[in-house]
Amino acid sequence: MTDTAYNHAKIEKKWQKKWEADGLYRSVIDENRPKHYALTMLPYPSGDLHIGHWYAMTPSDAHARFMRMNGYNVLFPMGFDAFGLPAENAAVKHGIHPKEWTYANIERMRGQLKSMGAMFDWKREAVSADPEYYRWSQWFFIQLYKHGMAYRKMSPVDWCPNCNTTLAREQVWGDDRHCERCGTPVIKKDLDQWFFTTTQYADELLDFSSIDWPERVRTLQTNWIGRSEGASVIFKTEVGNHDIEIFTTRPDTLWGATFMVFSPEHPLVDLVTAPAKKAEVEAYKEQAARQTDIEREATDKEKTGVFTGGYAINPVNGAKIPIWIADYVLMSYGTGAIMAVPAHDERDYAFARKFEMPIVPVIRPTGQDDAEKAVAEAAYIGPGVMVNSGPLNGTSVNDEKGRKNPSIAAAIDWIESRGVGKEAVNYRLRDWLISRQRYWGAPIPMIYCEQHGWNPAPEDQLPVLLPDDVEWKPTGESPLKLHPTWKNTACPVCGEPATRETDTVDTFMCSSWYHLRYLSPDYHDGPFDEAEYNYWMPVDTYTGGIEHATMHLIYTRFFHKALRDMGVTEGHEPMLQLRNQGMVLGEDHEKMSKSRGNVIAPDELVERYGADTVRAYLMFFARWDMGGPWNSQGIEGSVRWVRRVWTLFTTDSVTDSRIKTDIALDEVKRTLRRKVHQTLKKVTRDFEAFEFNTIVSALMELLNEMYKAREAGAAGSDEWAEALGIYLRMMAPVCPHITEELWVKHLGKPYSIHQQPWPKVDEEAAREDEITIPVQVNGKLRDRVVVPADTREEDVKSAALATEGAQKYMEGKPPKKVIVVRGKLVNIVV
RNA sequence: GCCGAAGUGGCGGAACAGGCAGACGCGCACGACUCAAAAUCGUGUUCCGUAAGGAGUGUGGGUUCGAUUCCCACCUUCGGCACCA
């Protein structure tokens, strides 16, 4: 029967073509139906779609299809995050223009994406490198600037020497502080750069109450933002009475401050340094500056520092305390200066011991009467009661942070009443460094004039186009800076000659709003069409990798909130539900990489097995949120499943002649129907929970049952027809092509299966009428008893007691206790 | 050091609210079909034991009639943060 052999290539191409021709996946506003905006993270056009893209996108597609079958008007768009450094590297290496390289890759990847058979609405495609796209990226920059949320500042920033550009704090990873893209350790440079005020939203970004995001991501973001509650306190220099502001989480230990430490870069260092100490201080500053961040921030390093010869006055008790400089105090956190309380801080303790400074305990530990003794060996961090602290002596100290700790609350109140400090919150989060010294990105639309400083390019002149005629220097410098004429322009204020900013924006800015451009990629009067926005936003389901937790997923939330405050968007969050996929590892259980040679190419798999099978295996082989190792033998299971589905629908039944009576056949049909509806219930639940692996296994199980039922003579019955119809619809989101073919060609049902409603569970049919109850004696399984599902507890109990296994292991003793769990189990305790 | 996730057969994994551990699949073994092989179909497959039986979800304890599931301590792996004041 060659004409009924499963030819995946033919079937998949045929339906993809028809779906596209019919616009089956066009999503248009329909006020009569509830909307569902399903979004999966857009790819960077690196050249080839890899298995990780398939792993992220096909289950997302299946879920979107499931929602569509459940009556939602689903938008599932796709596009390309098309600016970025690899395009420039290709230009330097192979002499191809980044634009050409990028757009050729997009062309190729678009084709690969289409081979998935996903329900992407290609009419919504957006490409961030298109001038009509980056025009609006630039427009957003200008709006942020106008609202005070974009500013330029000279500061020490992270520089990747390989990528030849600055990076945002979020893009520097790991212990060795390497570049997120290329892995090169970054260095510090003092540069004038553009920033967005992400810190302004720190508190709001900590609030996840209105979104359904994985705990993991929420924790990562919370830690990243790093909120600490405490107080800011003003100390005074002994000479000159200058303010020294410090931040502390432990204002209750102020009375124990026996010295102060400045970061070597602190602006007051020169002022407080005594002439006699000048040389020593300068030498230390230089030595600190030479160190890399990694050396400097190594926690196990012996403490170093020098005395400045200057003193400060502790505002709570007037004590005169020495000021030191040490590299363990970082200029980039807090104010760059600390009060040192060696008795109750490990670092200060180590420093005080080394340089022989006094250690004054101000907390007596609970249950001890000697506070001095408690700090003889190490700093004391736990609860207790305040001592040596003047007006606050006797206040109890617990383990809570901030005002929840009575001692901290008392200290804050006290310093505020004396006007020497106030309650304060500090964050680890920094403002988003947005400047990139690269060519292939959206030019920052700012113009510098000698007379009028920085001003935005006039909005009616957007986009500020990237010039095509650029030259590549092997040094890796941005060609934009070296372009002879591009930067020359007129000042928007006075019209005199002025220069453009030659830096481009971080590509993460372009991807912070792509979900908005998808709404109306061809819209010219604004970044998006408001009618589309009002209907589709916010994104209902967002899927993608966890690696973006503290980059894109923070940036896009910030962006949405900033736009909201400028009146551009509404609502507080852009994406309501987030789900992360895990990673597909190589067959050697290692991360896939070209150098390891363990990369799996989806194109080859599709050619060999077909997209439906690849999709099925990707959904089946591991928990989606966990990922796991690829197994090229394992995919055979999915190959067989898909083929067995095909065979079941395209061949006639071979009836087992042993089944003769109507009664027996009725039982077969009833059992089949039960299994069908039980499976439907499970599959529905699992789709809602993003548990794709058990969807496929449930469908496999049902298929096995259907083969048995067919052999037992169920074919031709109403129950059989129902089973076939429900089976295909349940399978359709997983394997869109084969199900369409079987639905239309073999069941003769109306095109398209993807427009059919999701089947309804018949609870009555799904109910078991007989159940097997395990019988335990003292917790060990000894027998089983089959009873009607509605049997009363007492009857289950007596049936269990009567079983052979129960009798044997009770050894004639009377049961002490019999536990009957309804519908589950009986445990006899003797 | 701190925070988080995970440890289940030869392998990937399942167990939805504390109730039959190992669903589903890979692999393997045996059988059917075949001259033969592949494909396909069927049966079996946690370990020890011939068996009766016993053990078993990283380790050790605990709660419970009953624990992969809850609690405590620890070990290992992975991810994040880290002199953050």
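The analysis underlying the following values was restricted to heavy atoms, covering all of them including side chains, and did not include hydrogens, waters or symmetry mates. All chains are named by letter (A, B, ...) in the order of the sequence lines, taking the proteins before the strands, and each is independently numbered beginning at 1.
Distance Y427(A) OH to rA85(B) P: 13 Å, rounded to the nearest Å. With rounding to whole Å, K824(A) atom NZ is found 7 Å from rC20(B) atom P. For the pair L825(A) CG and rA15(B) P, the computed distance is 20 Å after rounding to whole Å. The distance between atom CZ of R822(A) and atom C1' of rG66(B), rounded to the nearest whole Å, is 20 Å. For the pair Y809(A) OH and rG54(B) P, the interatomic distance rounds to 6 Å; values are reported in whole Å. If you measure from atom CG of L618(A) to atom P of rC24(B), you get 22 Å, rounded to the nearest angstrom. Distance R640(A) CZ to rC24(B) P: 15 Å, rounded to the nearest Å. Look at CE on M619(A): it is 17 Å from P on rG13(B), rounded to the nearest Å.
A donor-acceptor contact under 3.5 Å links the side chain of R784(A) to the base of rC20(B).
Candidate nucleotides rC65(B), rC83(B), rG53(B) were compared by shortest atom distance to the side chain of N827(A), and rC65(B) ranks first. Checked against rU40(B), rG12(B), rC83(B), the side chain of F620(A) finds its nearest nucleotide in rG12(B). Closest approach to the S228(A) side chain among rA85(B), rG12(B), rC83(B) is made by rA85(B) (side chain taken as heavy atoms from C-beta onward). Among rG12(B), rC81(B), rG27(B), the nucleotide with an atom closest to any side-chain atom of Q633(A) is rG27(B). Residue R643(A) places its side chain closer to rA39(B) than to any other of rA39(B), rA6(B), rC24(B). If you check rA85(B), rG25(B), rC3(B) against the side chain of T219(A), the one that comes closest is rC3(B).
For the pair R579(A) and W624(A), the cation-pi test (distance below 6.0 Å, angle within 45°) is failed.
Partner of W324(A) under the ring pair (Phe, Tyr, Trp, His ring centres under 6.0 Å) criterion, chosen from F262(A), Y284(A), F355(A): F355(A). With respect to Y427(A), the side chain to side chain donor-acceptor pair (under 3.5 Å) criterion is satisfied by exactly one of T199(A), T198(A), D203(A): D203(A).
Across all strands shown, rC28(B) forms a Watson-Crick or G-U wobble pair, both distances under 3.5 Å, with rG44(B). Searching all strands for a Watson-Crick or G-U wobble partner of rC35(B) with both distances below 3.5 Å returns nothing. Summarising the base pairing, rA67(B) is matched to no nucleotide, lacking a Watson-Crick or G-U wobble pair whose two defining distances lie under 3.5 Å. Pairing for rA17(B) is absent, with no Watson-Crick or G-U wobble pair whose two atom distances lie under 3.5 Å. Shown here, rC74(B) forms a base pair with rG58(B); the pair counts as Watson-Crick or G-U wobble because both key distances fall under 3.5 Å. In this structure, rA82(B) makes no Watson-Crick or G-U wobble pair, since no nucleotide meets both defining distances under 3.5 angstrom. Pairing for rA52(B) is absent, judged as Watson-Crick or G-U wobble with the two contacts each under 3.5 Å.
Here R644(A) reaches the OP1 or OP2 of rC41(B): one of its side-chain N or O atoms lies under 4.0 Å away. Phosphate contact (OP1/OP2 of rA55(B), side-chain N/O of K780(A), threshold under 4.0 Å): present. Between K808(A) and the phosphate of rG53(B), there is a side-chain N or O to OP1/OP2 separation shorter than 4.0 Å. Contact between the side-chain N/O atoms of R428(A) and the OP1/OP2 oxygens of rA82(B) is found at a separation under 4.0 Å.
Counting any heavy atom pair closer than 4.0 Å across all strands shown, V261(A) reaches no nucleic acid atom. At the heavy-atom level, N426(A) lies nowhere under 4.0 Å from the strands shown.
A salt bridge does not link R596(A) with D588(A): every distance from a Lys NZ or Arg NE/NH1/NH2 to an Asp or Glu carboxylate oxygen is 4.0 Å or more. One finds a salt bridge joining R403(A) and E423(A) here, because a Lys/Arg side-chain nitrogen approaches an Asp/Glu carboxylate oxygen to under 4.0 Å.
In the displayed structure, K354(A) atom NZ is contacted under 6.0 Å by more than 12 heavy atoms of other residues, nucleotides or ligands.
Residues E245(A) and S232(A) have side chains that bring a donor and an acceptor to within less than 3.5 angstrom of each other.
Comparing D348(A) and G174(A) along RNA chain B, the residue whose closest nucleotide (by nearest heavy atom) sits nearer the 5' end is G174(A).
To the nearest whole angstrom, the two C1' atoms, one in rU40(B) and one in rA51(B), are 37 Å apart.
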